[in-house]
Amino acid sequence: MFRKVLIANRGEIALRLIRGCRELGIKAVAIYSEADAESLHVRAADEAVCVGPAASNQSYLNIDAVVTAAKSVNAEAVHPGYGFLAENAGFARAVVDAGLTFIGPSAEAMDLMGSKTSARRVAVESGVPIVPGTVDALVSFDEAQKTAEKFGYPVMLKAAAGGGGKGMRLVSGSDELRSAFETAQTEAAAAFGDSALYLEKAVERPRHIEIQIFADTHGNVVHLGERECSIQRRHQKVIEECPSPINDPDLRRRMGEAAVKIGRTVNYTGAGTVEFLLSDVTGEFYFLEMNTRLQVEHPVTELVTGFDLVREQLFVAAGAQLSFTQEDVRWVGHAIECRIYAEDPANNFFPSPGTITYLREPAGPGVRIDSGVANLSEVSIYYDPMIAKLAVWGRTREEAIERLRRALDEYQVAGITTTLPFFRGVVRDEEFIAGRLDTGFIGRFNERRVVVDPPQEHVDIAAIAAAIHYSRHQQPAFVQPGAQVSDGRWKMAGRVEGLRKWRRS
Amino acid sequence: MFRKVLIANRGEIALRLIRGCRELGIKAVAIYSEADAESLHVRAADEAVCVGPAASNQSYLNIDAVVTAAKSVNAEAVHPGYGFLAENAGFARAVVDAGLTFIGPSAEAMDLMGSKTSARRVAVESGVPIVPGTVDALVSFDEAQKTAEKFGYPVMLKAAAGGGGKGMRLVSGSDELRSAFETAQTEAAAAFGDSALYLEKAVERPRHIEIQIFADTHGNVVHLGERECSIQRRHQKVIEECPSPINDPDLRRRMGEAAVKIGRTVNYTGAGTVEFLLSDVTGEFYFLEMNTRLQVEHPVTELVTGFDLVREQLFVAAGAQLSFTQEDVRWVGHAIECRIYAEDPANNFFPSPGTITYLREPAGPGVRIDSGVANLSEVSIYYDPMIAKLAVWGRTREEAIERLRRALDEYQVAGITTTLPFFRGVVRDEEFIAGRLDTGFIGRFNERRVVVDPPQEHVDIAAIAAAIHYSRHQQPAFVQPGAQVSDGRWKMAGRVEGLRKWRRS
Amino acid sequence: MKLKAVIDDREQDLNIQIDGGRVRAEIDGRVYDLELREPEPGSYLLFRDTEVHECRVTKTHEGFDVGLHGVNHGVAIVDPKRLRSGTDSDKHHHGLAEIIAPMPGKVVRIHIETGDAVEKGDGIVVVEAMKMQNEMKSPRAGVVVSINVKPGDTVNAGDVLAVVE
Amino acid sequence: MKLKAVIDDREQDLNIQIDGGRVRAEIDGRVYDLELREPEPGSYLLFRDTEVHECRVTKTHEGFDVGLHGVNHGVAIVDPKRLRSGTDSDKHHHGLAEIIAPMPGKVVRIHIETGDAVEKGDGIVVVEAMKMQNEMKSPRAGVVVSINVKPGDTVNAGDVLAVVE
């Protein structure tokens with residue numbers, strides 16, 4: 001096994017990887033940008049190397065700097081986590097060329113699956129159905145327009161190099177196409193250094209269901225079942241479950257086999273995820289894309305199967321055989337994960353950077369927290385606003401939801417706005433409890449949510465608490481009280497309106 | 001199901017029970033002593049009632065006050081947790097007489113199993129082997145002396161009303177008997193209001209193995225397998241595992257059946273634990289005692305079987321059938337729990353009350369924390385010094401130990417001395433890793449532990465950090481520096497010596 | 001102490017006496033007798049008879065954010081004693097709709113020019129932050145009377161990016 | 001700043017310069033160039049080249065407790081600048097063994113009387129705290145020269161309960 005591994009990432013996933021290394025007695029080396037010197041992932045590491053300024057393209061995305069860092073500390077392997085350089089084949093090559101092990105698939109496999117257009121070709125070769133759409137990248141806006149007309153709206157624009165919803169746009173009519181096309185291109189360029197887009201027909205009431213696969217360097221390829229990731233905003237997942245509420249063993253087997261086929265076609269190694277769209281109308285599933293890395297939502301699979309995916313990744317990268325066969329994989333109980341973002345759900349999930357002035361995380365039975373922050377942590381404007389993942393396990397989906405509800409109510413974060421109030425609403429929502437999910441869930445949820453005002457007593461007591469705090473600190477709430485009362489009140493209107501919208505119903 | 005339950009306890013177990021109620025939509029009412037008004041269990045509750053002054057015999061042990069509290073808030077049921085009144089049949093009767101449900105067995109079952117002497121009679125009736133010893137309480141010191149001579153030393157003195165090691169003494173020779181007898185009597189009287197003692201022959205290299213049973217009011221009695229609790233200090237458990245490192249399915253079945261027999265004999269209902277001594281020499285097991293309540297260490301059983309024991313308790317108390325049969329019980333993986341005490345392992349585990357000035361708890365995969373404290377919590381001199389339980393799960397015992405090691409290293413508590421350094425040593429101990437456990441473990445561990453000094457660099461950096469802190473706060477470390485340098489140094493000697501002893505090896 | 005509390009957009013009279021661990025408060029005639037504890041700085045544990053209310057109070061731009069029973073309340077406290085006289089308030093013109101940056105970020109694109117007529121929902125400005133591009137739409141139909149930023153500008157939360165009349 | 005650090009029972013010269021985020025320290029000739037951060041009050045994050053050392057510093061009676069890499073170090077800092085002159089130190093007589101209460105509690109029993117001869121390990125006093133009775137044993141053979149408590153007394157940590165010569 002490796003003696004020292006460089007963790008080429010930040011935030012909660014860096015912590016997760018450091019923990020995985022620690023448990024195997026491997027020294028973990030963190031990298032950090034100048035903005036991150038005090039981040040939790042640095043504090044938790046055995047060693048840490050600064051790789052550049054705050055902007056990620058000058059630090060976490062800087063291949064030379066990261067590889068140099070790995071060499072400078074004599075790391076034997078590099079774990080990319082997710083995001084940043086995780087799906088950059090050039091990075092994988094640079095790591096290998098530097099004589100180190102890249103903890104992930106071969107650069108060749110990443111090339112094949114990294115570009116969505118070539119990935120779709122692989123799926124076709126493997127006999128796995130794909131969503132009707134362009135197989136090659138669009139050469140121009142005109143082509144986009146023509147193809148869109150051909151398939152008929154609504155259509156999806158996607159970044160060929162993409163992932164994580166960056167550079168992805170749903171276009172419901174021709175009038176929206178240009179603005180969407182331009183925005184997606186810029187976003188794709190910014191996120192992946194490649195503005196190439198392609199276009200797909202949009203599937204009706206699609207469920208986003210993905211299959212976790214694992215392969216070693218000895219030809220063993222297995223799947224660990226599905227994750228349901230239909231609850232998304234801006235095409236980014238916010239809640240994931242294992243198994244899907246559908247929980248159909250036959251569907252699991254068929255999708256699992258399809259995913260394993262694709263893995264075999266590209267001689268995949270390590271952890272990978274094959275994403276499918278499942279039409280809640282027709283019941284058919286289509287290959288969507290493959291993520292050639294560990295997923296954000298891997299904990300729900302770990303909770304239900306019992307396997308430690310990071311541990312397996314390290315063993316596979318070190319040349320070991322998988323510690324289990326397909327027959328050993330059992331799915332016990334139900335797990336649900338909520339991604340806690342520093343975003344304002346009352347304001348279209350806009351990021352809300354800032355300093356965490358108070359943090360109390362839930363604990364107890366069936367609760368797992370993977371957090372990237374501690375008390376007084378800075379949530380910076382430079383990076384993804386996810387601060388933590390809350391995952392729960394229960395014997396049944398019902399028990400898991402009850403635990404999730406309890407854990408969300410325990411969770412206290414102050415100083416920044418988070419998506420916690422949104423989740424508190426979702427776990428009390430009929431449709432969610434019934435498991436009727438598709439990627440349109442949040443839109444409909446926002447429509448149907450009945451806003452229940454809290455009892456007058458709670459409102460009064462909140463005011464009293466504020467008054468107590470004020471009296472103890474004796475600073476006026478407003479710098480210019482007179483001038484700003486009404487202004488403040490006006491601002492507050494929107495703000496409190498928002499807050500009210502997200503009350504527990 | 002109940003709408004409102006009174007939690008007749010404090011600390012981590014009160015939190016655990018509040019969580020269990022919350023998940024079922026039950027309002028949880030806490031009780032607290034005047035010393036506990038700001039405790040976490042009060043802050044987490046929906047309602048709270050003060051039941052008296054700090055001294056537990058005037059508050060948490062005050063039956064009238066607790067029952068009155070339950071009535072005053074219209075609670076429908078009372079959960080006693082463990083310790084305090086949990087095994088007090090009089091309390092169970094008072095609760096029932098007040099028209100409320102006692103979440104636990106019938107007072108009759110508690111009477112039978114509560115007194116160790118009558119419990120031993122029940123075991124004999126049920127055809128379960130017991131340790132040779134007096135069946136009735138000792139009437140005098142003389143009788144103690146005679147019986148001890150009869151069985152031959154070493155012998156065990158135990159409180160008839162006892163539990164949790166209070167009023168228990170190992171006596172290796174006649175010269176020690178009187179002092180042990182007196183101490184045990186006073187302790188028994190203080191802890192249980194009953195100074196009656198009995199005497200047993202001491203078993204050689206005994207393993208303390210207990211079986212979790214569960215029974216409903218419809219005649220179903222099942223067992224959830226064993227917990228190994230051999231690692232004890234002062235006859236109190238500090239580390240528990242499920243399953244036992246022995247992990248012998250046949251032994252589990254035989255002990256399980258013995259435990260179920262006892263449960264049937266007394267028409268037991270709810271959660272109970274039958275404790276056995278297993279001789280590591282002969283492989284025979286003997287009935288020791290039964291705890292007619294939830295155990296401190298129940299989380300390891302929950303982690304391995306997946307059942308939520310508090311949830312089951314609530315359902316059973318509400319009259320439901322057990323949600324599972326013996327055939328449904330599966331043991332998956334391995335769980336280990338460490339009891340984090342506010343005690344100084346370097347100083348014979350003396351309690352070290354105080355204020356927690358800094359707290360960072362471990363998290364991530366396979367880690368469960370049940371904590372009774374938060375940042376700035378007061379660990380009071382009045383109550384049991386356990387502040388939290390750290391439990392980990394792994395696919396194998398090896399994986400669980402690796403996680404435990406990682407989690408213990410993450411755990412940061414400042415302001416009080418805790419048993420964390422002791423555990424950090426244990427999880428690196430050959431014998432522990434090999435699973436060679438018996439109740440003499442800690443004694444031998446203290447003998448064999450090789451003390452590894454930390455690298456000079458760490459010692460220097462610790463000194464530098466202290467100097468930085470000093471320079472930033474500029475208070476002299478000593479009120480009278482001149483006079484106390486050497487005195488301080490002398491005190492430090494003992495202290496640091498101690499600290500060194502508990503360093504990670 | 002006599003204060004005004006602005007909560008849920010309503011201004012109310014709040015008369016409060018704090019005497020050690022006892023708090024007596026009256027809000028628009030509703031009376032509260034509470035026992036007060038502060039287990040952590042900024043965490044106020046309030047007992048009303050047996051009811052437990054733990055309030056987490058944080059200072060914000062507009063006043064205070066109070067977390068209570070899983071709900072966040074925006075509260076502004078106004079202390080008449082501290083008000084300066086002669087307030088020329090309400091600089092806010094209701095004929096105008098301001099497009100305001102909800103967070104710090106960088107302007108990447110501007111879809112309109114001063115004088116353009118826009119429909120409700122038309123894209124006005126695209127701001128990028130945390131690697132995400134967000135199109136700010138016009139809250140109403142009207143004419144663009146001012147554009148206060150250009151592509152590449154860095155903006156802060158609350159900045160007025162454009163105004164539609 | 002020139003200081004003395006008492007750590008692991010050894011007094012060492014500690015010369016330290018703190019200049020913003022840079023720390024240069026010399027201990028008995030060993031030189032450390034460190035980068036300093038303070039992510040939380042009392043948490044000092046020290047980088048030595050790429051090595052990460054997070055120190056959690058807490059004030060104690062004897063000086064400071066420093067948690068580092070899962071180990072607790074007791075450190076006393078002595079600032080010669082602040083030492084008063086004329087120290088009549090070492091009031092501690094090494095011929096004596098003091099039986100000291102390690103924590104607050106109540107004396108429940110005393111097994112000896114002044115003048116008794118005791119063996120190493122003999123029970124001297126039983127102190128009860130947190131519902132546990134703990135027998136304080138004599139650390140050495142000798143004669144009891146003083147007993148400073150009686151049953152029922154409440155004692156604090158550090159109190160000398162008895163002395164054996």
Side-chain angles (χ1 to χ4, degrees), chain A residues 3-8 10-11 14-15 18-19 21-23 25 27-52 65-66 68-75 78 355-360 371-380 415, chain D residues 1 3 5 7-8 12 14-60 63-77 130-131:
Chain A
R3 277 173 290 97
K4 194 188 272 190
V5 170
L6 182 105
I7 312 296
R10 67 181 300 282
L15 267 297
I18 290 169
R19 284 170 168 147
C21 289
R22 283 279 165 75
E23 292 178 11
K27 293 244 173 270
V29 184
I31 60 170
Y32 62 98
S33 73
E34 286 160 11
D36 270 345
E38 295 181 11
S39 297
L40 206 53
H41 77 284
V42 175
R43 295 162 68 180
D46 296 294
E47 295 181 60
V49 184
C50 183
V51 290
V66 175
T68 309
K71 297 287 288 180
S72 72
V73 295
N74 301 312
V78 175
T355 302
I356 293 174
T357 55
Y358 185 77
L359 178 64
R360 214 158 91 211
S371 176
V373 296
N375 196 23
L376 298 186
S377 284
E378 199 65 45
V379 180
S380 115
Chain D
M1 177 161 56
L3 304 167
I7 183 162
D8 292 4
Q12 307 182 62
L14 169 54
N15 189 343
I16 184 167
Q17 291 100 38
I18 306 168
D19 163 18
R22 306 293 317 170
V23 174
R24 188 187 166 79
E26 194 177 331
I27 302 184
D28 286 357
R30 297 182 297 277
V31 176
Y32 293 88
D33 280 302
L34 305 164
E35 189 193 332
L36 167 65
R37 300 273 186 162
E38 191 174 356
E40 291 179 77
S43 288
Y44 301 99
L45 187 60
L46 292 162
F47 297 90
R48 189 184 194 193
D49 296 329
T50 62
E51 287 173 14
V52 179
H53 304 281
E54 188 178 24
C55 303
R56 180 70 217 171
V57 181
T58 313
K59 191 99 180 55
T60 65
F64 303 95
D65 172 67
V66 183
L68 173 59
H69 301 308
V71 180
N72 288 73
H73 303 265
V75 183
I77 294 295
M130 285 169 157
K131 296 248 154 306

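The figures here come from the full heavy-atom set of this structure, side chains too, leaving out hydrogens, waters and symmetry mates. Letters A, B, ... are given to chains in the order of the sequence lines, protein chains preceding strands, and every chain is numbered from 1.
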Problem - Gap between atom NE2 of D/His53 and atom CD of A/Glu47 - 0.5 Å precision - result: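 Result: 9.0 Å between the selected atoms.
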Fill in the blank from the handout: CZ (D/Arg37) and CD (A/Glu38) are apart, to the nearest 0.5 Å, by 5.0 Å
Handout entry: Interchain contact, A/Val29 with chain D, by part (heavy-atom threshold 4.5 Å)
Key = neither
Exercise for the section: Mark yes when over 12 heavy atoms from residues, nucleotides or ligands other than A/Arg3 sit less than 6.0 Å from its CZ; otherwise mark no. Expected result: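 Open.
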Handout entry: Heavy atoms from other residues, nucleotides or ligands near CG of D/Asp28 exceed 12 (cutoff 6.0 Å)
Key =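 More than 12 within 6.0 Å, yes.
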Completion exercise
If you tally heavy-atom pairs under 4.5 Å between each of A/Ala48, A/Ser72, A/Ala45 and chain D, the highest tally belongs to A/Ala48
Handout entry: A/Lys27: partners by salt bridge (Lys or Arg N to Asp or Glu O under 4.0 Å), with sequence neighbours left out
Key = none
Handout entry: Under the salt bridge (Lys or Arg N to Asp or Glu O under 4.0 Å) test, residues paired with D/Asp33 that sit two or more places apart
Key = D/Arg24
Problem - Members of residues 371-380 of chain A whose heavy atoms come closer than 4.5 Å to chain D - result: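 Expected list: A/Asn375, A/Leu376.
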Handout entry: Residues from residues 39-46 of chain D approaching chain A under 4.5 Å (heavy atoms)
Key = D/Pro39, D/Glu40, D/Pro41, D/Ser43, D/Leu45
